[in-house]
Asks: 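Before I ask anything, let me first share the structure, which is written out below as structure tokens.
Bear in mind the structure is a predicted one, so any value in this text is a computation, not a measurement. Protein chains get the first letters and strands the later ones, always in sequence-line order, with residue 1 at the start of each.
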Amino acid sequence: MEREVRVRFAPSPTGPLHIGGVRTALYNYLLARKLGGKMLLRIEDTDQNRFVPGAEQYIMDSLRWCGIVIDEGIEQGGPHAPYRQSERKPMYRQYAQQLIDSGHAYYAFDTPEELDAMRARLQAAKVPNPQYNSITRAQMRNSLTLPEDEVKQLLDSDTPYVIRLKVPRKEEIRFNDLIRGWVVVHSSAVDDKVLMKSDGMPTYHLANIVDDHLMEITHVIRGEEWLPSAPLHVLLYRYLGWESTMPQFAHLPLLLKPDGTGKLSKRDGDKLGFPVFPLEFHGTDADGQPTVSSGYRESGYLPEAFINFLAFLGWNPGTQQELFTMDELIEHFSIDRVSKSPARFDQNKVRWYNEQYLRAKPDAELAQYLIHDLEAQGLNVPTDKAVQIAGLVKERATFPADLAKEAQLFFERPTSYDEQVISKKWNAQVATGLAAFAQELPTSSDVTPDGIKALLTRVMEQQGIKLGQVLQALRVAVTGAAAGPDLMAIISILGPQETAERIEAAVSKLAVA
RNA sequence: GGUCCGUUCGUCUAGGGGUUAGGACAGUAGAUUUUCAUUCUACCAACAGGGGUUCGAUUCCCCUACGGACUACCA
């Protein structure tokens with residue numbers, strides 16, 4: 001019988017989640033939904049020294065904002081609770097013991113100083129790859145080299161120790177990566193990794209294998225940085241007797257900094273000139289001073305746009321469609337269309353995606369952003385008017401906040417007039433022509449853009465002025481600026497009275513050359 | 001240094017033994033617009049290099065170069 005597909009996103013709560021992590025979570029989620037499986041969130045907090053308060057909540061809030069729904073996790077519980085590794089601490093010990101009993105692991109009593117000395121010695125001897133392995137372990141203080149009674153005595157006293165995996169000396173380890181195909185690594189390249197730390201906590205390597213097995217994970221989708229330790233994980237599954245249900249691996253290509261000089265890290269924060277985090281994050285720097293890192297949400301990105309963009313960094317559907325809702329991503333996603341090579345971040349493209357999604361929103365929804373932002377400035381605007389304005393200015397906006405910026409002209413009379421246009425287009429004839437238009441305007445019965453245009457055309461004909469000569473001047477008189485949305489639509493929304501007053505103000509303020 | 005992974009327009013990518021190597025973003029030009037923006041159209045622009053295999057390689061293989069990851073009692 002086919003096993004139910006179960007995937008997990010397993011971040012460590014050492015700070016905010018960066019976009020690479022979000023993408024990993026996204027691909028996991030897409031696969032789970034595509035295959036009708038479950039998505040788990042497991043918190044890997046086995047390093048007590050790197051705990052960052054708030055990080056866990058931040059991760060969950062971020063995923064929620066992105067629309068990534070967790071089926072099992074610390075918030076929602078599930079059949080394999082707890083989902084926080086620190087709370088699973090008692091479970092790992094027995095598996096480490098099992099490995100010791102079967103001869104696949106051993107106790108090591110070396111102090112950090114002894115380990116440093118060992119590495120220094122190997123380096124001095126120009127050993128290409130200094131590591132604790134099948135060769136060097138013979139020179140170290142562990143249960144393989146020490147007499148049995150001494151080991152027993154060391155364990156009984158409170159001497160700190162770790163448990164290390166006994167990696168075989170000569171063995172080819174291979175596994176079939178869903179993205180990269182067969183990966184073959186010789187065991188001599190793998191060191192005797194620590195499985196249990198001296199504080200009694202498991203390391204990532206042990207905890208992740210035990211939990212993935214217990215939680216019945218079928219696919220491990222994670223970043224390429226894990227590829228070198230995947231052979232070690234394969235060994236662990238084998239020695240624990242779980243090889244037949246070992247999950248399939250898929251190592252995702254990395255997300256690089258825009259200049260391509262390395263993987264994007266959370267330490268890049270705001271240094272790159274664009275957010276690397278989904279949500280704004282409040283943390284502390286090395287000196288304990290409070291820091292704020294900007295987020296996509298606070299910068300005005302819509303989650304749909306952010307996700308669509310992120311999905312395309314390393315995956316594509318093979319068609320020419322660029323815009324995908326989450327449901328469409330789920331429908332079209334496939335792990336074998338994930339590329340092998342790393343991707344850099346393209347700020348232009350995220351912006352483009354945001355514009356697409358912003359414009360696709362109904363005017364009524366856009367109006368809500370507008371009303372909200374305007375209210376923050378102390379401006380109250382009727383909904384119907386906000387809808388009209390939003391519809392008019394949305395083509396000019398990248399972010400929701402641009403709407404209110406573009407809308408300012410409706411609420412503030414011009415305080416200055418574009419000088420270029422004035423010097424070129426403003427003259428006595430135009431001034432009188434506009435004054436006449438201002439007089440006629442309040443009597444007009446048709447205040448649609450078309451009606452206003454008809455009136456303007458008629459008045460200018462009477463004045464003997466061509467429309468082209470006066471339009472720029474009219475725009476500047478009404479808005480002060482040389483550029484902006486459709487003028488007739490502006491006047492229509494502004495209304496005849498307000499427009500007329502603005503024109504009259506301009507006529508009286510602007511000297512005629 | 002060692003091990004592993006990778007390399008198609010500036011960027012994200014499609015393609016795959018015989019193609020005018022396709023799309024998107026950006027850029028440039030034109031059209032529309034009273035203006036800027038939008039929109040539309042066009043243009044610019046790539047198979048890292050060298051060897052094989054083959055009638056034929058961008059595609060398959062090898063080498064080189066370059067880039068990246070990993071190399072902790074961190075994940």
Side-chain angles (χ1 to χ4, degrees), chain A residues 10-14 44-47 49-50 85 108 110-112 115-116 119 123 126-132 160-164 177 179-180 183-186 188-191 193-205 207-208 222-231 251 253-254 256 258 260-263 309 312-323 337 339-353 355 359 393-398 406 418 421 425 453 456 466-476 479 481-488:
Chain A
S12 67
T14 55
E44 310 229 327
D45 56 347
T46 53
D47 187 351
N49 302 317
R50 294 211 302 160
Q85 288 184 329
D110 316 276
T111 63
L115 290 172
D116 287 345
R119 287 187 199 105
Q123 236 148 31
K126 300 236 191 310
V127 172
N129 194 19
Q131 56 182 15
Y132 205 119
Y161 67 89
V162 299
I163 296 175
R164 284 182 182 272
D177 189 277
I179 294 170
R180 286 151 214 286
V183 176
V184 184
V185 177
H186 196 88
S188 62
V190 181
D191 62 350
K193 277 274 178 313
V194 171
L195 265 20
M196 288 294 269
K197 300 185 259 189
S198 56
D199 64 1
M201 274 291 204
T203 59
Y204 167 81
H205 302 293
N208 122 78
R222 67 212 325 185
E224 192 191 326
E225 69 266 31
W226 294 108
L227 198 49
S229 54
H251 289 93
L254 261 17
L256 266 27
T261 59
K263 72 168 174 176
F309 167 75
F312 268 64
L313 237 40
W315 172 85
N316 81 86
T319 64
Q320 312 224 129
Q321 185 179 347
E322 304 275 341
L323 266 17
R337 292 203 64 89
S339 59
K340 296 179 172 70
S341 44
R344 302 184 205 187
F345 213 75
D346 185 353
Q347 293 173 71
N348 283 323
K349 206 146 188 184
V350 221
R351 290 173 63 91
W352 178 79
Y353 270 110
E355 287 165 2
R359 282 165 208 171
V393 303
K394 69 175 174 185
E395 300 291 303
R396 315 171 61 78
T398 298
E406 291 287 339
D418 186 274
V421 174
K425 303 281 187 182
K453 180 134 191 195
L456 182 67
K466 285 203 181 104
L467 214 50
Q469 290 179 289
V470 80
L471 279 162
Q472 271 298 74
L474 211 210
R475 171 182 293 282
V476 171
T479 71
D486 184 75
L487 222 206
M488 298 307 133

Asks: Kindly assign one of parallel, tilted or perpendicular to the pair A:Trp226 and A:Tyr204, based on the angle between their ring planes and the thresholds 30° and 60°.
Replies: parallel
Asks: Within the structure shown, what part of the strands sits under 4.0 Å from A:Ser198 by heavy-atom distance: base, sugar-phosphate, or nothing?
Replies: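 Contact class for A:Ser198: base.
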Asks: For B:A42, which nucleotide in any strand shown is its Watson-Crick or wobble partner with both distances under 3.5 Å?
Replies: B:U28
Asks: Which of these nucleotides, B:G68, B:C73, B:G2, is closest to any side-chain atom of A:Glu224?
Replies: B:G68
Asks: Between A:Lys126 (NZ) and B:G1 (P), how many Å, whole number?
Replies: 14 Å
Asks: If you look at every strand shown and take non-hydrogen atoms under 4.0 Å, does A:Thr261 touch a base, only sugar-phosphate, or nothing?
Replies: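 Since only primed, P, OP1 and OP2 atoms lie under 4.0 Å of A:Thr261, the category is sugar-phosphate.
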Asks: What about A:Arg180: does its side chain form a donor-acceptor pair under 3.5 Å with the base of B:C5?
Replies: no
Asks: Determine which nucleotide pairs with B:G1, using a 3.5 Å limit on both distances of a Watson-Crick or G-U wobble pair.
Replies: B:U71
Asks: B:C55 and B:G50: how far apart are their C1' atoms, nearest whole angstrom?
Replies: 22 Å
Asks: Taking NZ, NE, NH1 and NH2 as the nitrogens, is one of them in A:Asp346 or A:Lys349 under 4.0 Å from a carboxylate oxygen of the other?
Replies: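 The answer is no: the pair does not qualify as a salt bridge.
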Asks: Taking all heavy atoms of A:Ala473 and all of A:Val421, pick out the closest pair and write down the distance.
Replies: N-CG1, 4.2 Å
Asks: May I ask you to say what A:Ala189 touches in the nucleic acid, namely base, sugar-phosphate or nothing, with a heavy-atom cut-off under 4.0 Å?
Replies: sugar-phosphate
Asks: Looking only at N and O atoms, is any donor in the side chain of A:Lys349 or the base of B:A26 less than 3.5 Å from an acceptor on the other one?
Replies: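 No such pair is found, so the answer is no.
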Asks: Both A:Glu395 and A:Glu355 contact RNA chain B. Which one's nearest nucleotide lies toward the 5' end?
Replies: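 Closer to the 5' end of RNA chain B: A:Glu355.
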Asks: Can a donor-acceptor pair be found, under 3.5 Å and without considering hydrogens, that links the side chain of A:Arg344 to the backbone of A:Leu256?
Replies: no
Asks: Has the side chain of A:Asn129 got a donor or acceptor atom sitting under 3.5 Å from an opposite partner on the base of B:G1?
Replies: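 For A:Asn129, whose side chain was compared with the base of B:G1, there is a donor-acceptor pair (under 3.5 Å).
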Asks: Which whole number of Å gives the distance between the P atom of B:U3 and that of B:G10?
Replies: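 Taking atom P in both B:U3 and B:G10, they lie 33 Å apart.
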Asks: Which residue lies toward the 5' end of RNA chain B, A:Asp486 or A:Pro160, if each is placed at its nearest nucleotide?
Replies: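 Going by which nucleotide is closer to the 5' end, it is A:Asp486.
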Asks: OP1 or OP2 of B:A75 less than 4.0 angstrom from a side-chain nitrogen or oxygen of A:Thr46, does that happen here?
Replies: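 True: A:Thr46 side-chain N/O within range (under 4.0 Å) of B:A75 OP1/OP2.
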Asks: Considering only B:G6, B:A69, B:C36, which nucleotide approaches the side chain of A:Ala483 most closely?
Replies: B:C36
Asks: With C1' as the reference atom in both, quote the distance from B:C62 to B:U54 in angstrom, rounded to an integer.
Replies: 16 Å
Asks: Report yes if a side-chain nitrogen or oxygen of A:Lys425 is closer than 4.0 Å to either non-bridging phosphate oxygen (OP1 or OP2) of B:U34; otherwise report no.
Replies: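 A:Lys425 to B:U34 OP1/OP2: no side-chain N or O under 4.0 Å.
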Asks: Any side-chain N or O of A:Ser339 under 4.0 Å from OP1/OP2 of B:U13?
Replies: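 Yes, such a contact exists.
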Asks: Could you measure between the two P atoms, the one in B:U34 and the one in B:U28, and give it in whole Å?
Replies: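 Their P atoms lie roughly 24 Å apart.
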Asks: Rounding to the closest angstrom, what is the interatomic distance between B:A21 and B:A14 at atom C1'?
Replies: 10 Å
Asks: Rounded off to whole Å, could you give me the CG-to-C1' distance for the A:Asp199 and B:C74 pair?
Replies: 12 Å
Asks: Tell me the interatomic distance from A:Asp191, atom CG, to B:C74, atom P, rounded to whole angstroms.
Replies: 13 Å
Asks: Please confirm whether any donor atom in the side chain of A:Arg396 sits under 3.5 Å from an acceptor in the base of B:C36, or the reverse.
Replies: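 Under the 3.5 Å cut-off, the side chain and the base do form a donor-acceptor pair.
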Asks: Using a cut-off of 4.0 Å on non-hydrogen atoms, how would the nucleic acid contact of A:Gly262 be classed: base, sugar-phosphate, or nothing?
Replies: sugar-phosphate
Asks: Give the minimum heavy-atom separation between A:Glu406 and A:Arg396, together with the two atoms involved.
Replies: OE1-NE, 3.0 Å
Asks: Within the 4.0 Å heavy-atom criterion, would you say A:Val194 contacts the bases, only the backbone, or no part of the nucleic acid?
Replies: sugar-phosphate
Asks: May I ask you to say what A:Pro485 touches in the nucleic acid, namely base, sugar-phosphate or nothing, with a heavy-atom cut-off under 4.0 Å?
Replies: base
Asks: Just by modelled atom types, is the A:Thr46 backbone N or O under 3.5 Å from a matching donor or acceptor in the A:Lys197 side chain?
Replies: yes
Asks: In whole angstroms, how far is the P atom of B:U71 from the OH atom of A:Tyr132?
Replies: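 So the OH-P distance, A:Tyr132 to B:U71, works out to 19 Å.
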Asks: For a quick check of understanding: with a heavy-atom distance under 4.0 Å over all strands, which category does A:Ala343 fall into, base, sugar-phosphate or nothing?
Replies: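 Sugar-phosphate contact only.
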Asks: So if I take every side-chain heavy atom of A:Arg50 and compare against B:C4, B:C74, B:C73, which nucleotide ends up nearest?
Replies: B:C74
Asks: What residue among A:Arg180, A:Lys340, A:Glu225, A:Arg222 forms side chain to side chain donor-acceptor pair (under 3.5 Å) with A:His251?
Replies: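 For A:His251, the side chain to side chain donor-acceptor pair (under 3.5 Å) test succeeds with only one of A:Arg180, A:Lys340, A:Glu225, A:Arg222, which is A:Arg222.
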Asks: If we take the P atom in both B:G49 and B:U38, what is their distance in whole Å?
Replies: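 Between the two P atoms, the distance is 37 Å.
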Asks: Out of B:G22, B:U3, B:C74, which has the shortest distance to the side chain of A:Gln320?
Replies: B:G22
Asks: State which of B:U35, B:C25, B:A69 makes the closest approach to the side chain of A:Pro228.
Replies: B:A69
Asks: Tell me whether the side-chain N or O atoms of A:Arg475 pair up with the base of B:U35 as donor and acceptor below 3.5 Å, since no angle test is needed here.
Replies: yes
Asks: So, is A:Lys453 close to the B:U34 phosphate, meaning a side-chain N or O under 4.0 Å from OP1 or OP2?
Replies: yes
Asks: For A:Leu254 and B:G68, give me the distance from atom CG to atom C1', rounded to whole Å.
Replies: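 After rounding, the reported distance stands at 7 Å.
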Asks: When rounded to the nearest Å, what value does the distance between P atoms of B:U53 and B:U11 take?
Replies: 34 Å
Asks: Counting the atoms with a prime plus P, OP1 and OP2 as sugar-phosphate, which does A:Gly223 contact under 4.0 Å by heavy atoms, base, sugar-phosphate, or nothing?
Replies: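 It contacts nothing in the nucleic acid.
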Asks: Using whole Å, report how far CZ of A:Arg119 lies from C1' of B:G1.
Replies: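 Going from CZ in A:Arg119 over to C1' in B:G1 covers 16 Å.
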Asks: B:G15 and B:C47: how far apart are their C1' atoms, nearest whole angstrom?
Replies: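 After rounding to an integer number of Å, I get 11 Å for this pair.
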Asks: In whole angstrom, give the distance that lies between atom CG of A:Asp346 and atom C1' of B:G27.
Replies: 12 Å
Asks: Could you check whether A:Leu487 gets within reach of a base, just the sugar-phosphate, or nothing at all, counting any heavy atom under 4.0 Å?
Replies: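 A:Leu487: base contact, heavy atoms under 4.0 Å.
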Asks: In this structure, how many angstroms lie between the C1' atom of B:U13 and the CZ atom of A:Phe345, rounded?
Replies: 16 Å
Asks: So what does A:Asp47 touch, heavy atoms closer than 4.0 Å: a base, only the sugar-phosphate, or nothing?
Replies: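 Contact class for A:Asp47: sugar-phosphate only.
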Asks: Taking only side-chain nitrogens and oxygens of A:Lys263, does any of them come within less than 4.0 Å of OP1 or OP2 of B:C70?
Replies: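 Affirmative; the distance criterion is met.
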Asks: Heavy atoms under 4.0 Å, any strand shown: does A:Asp110 hit a base, just sugar-phosphate, or nothing?
Replies: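 Base, at least one base heavy atom under 4.0 Å.
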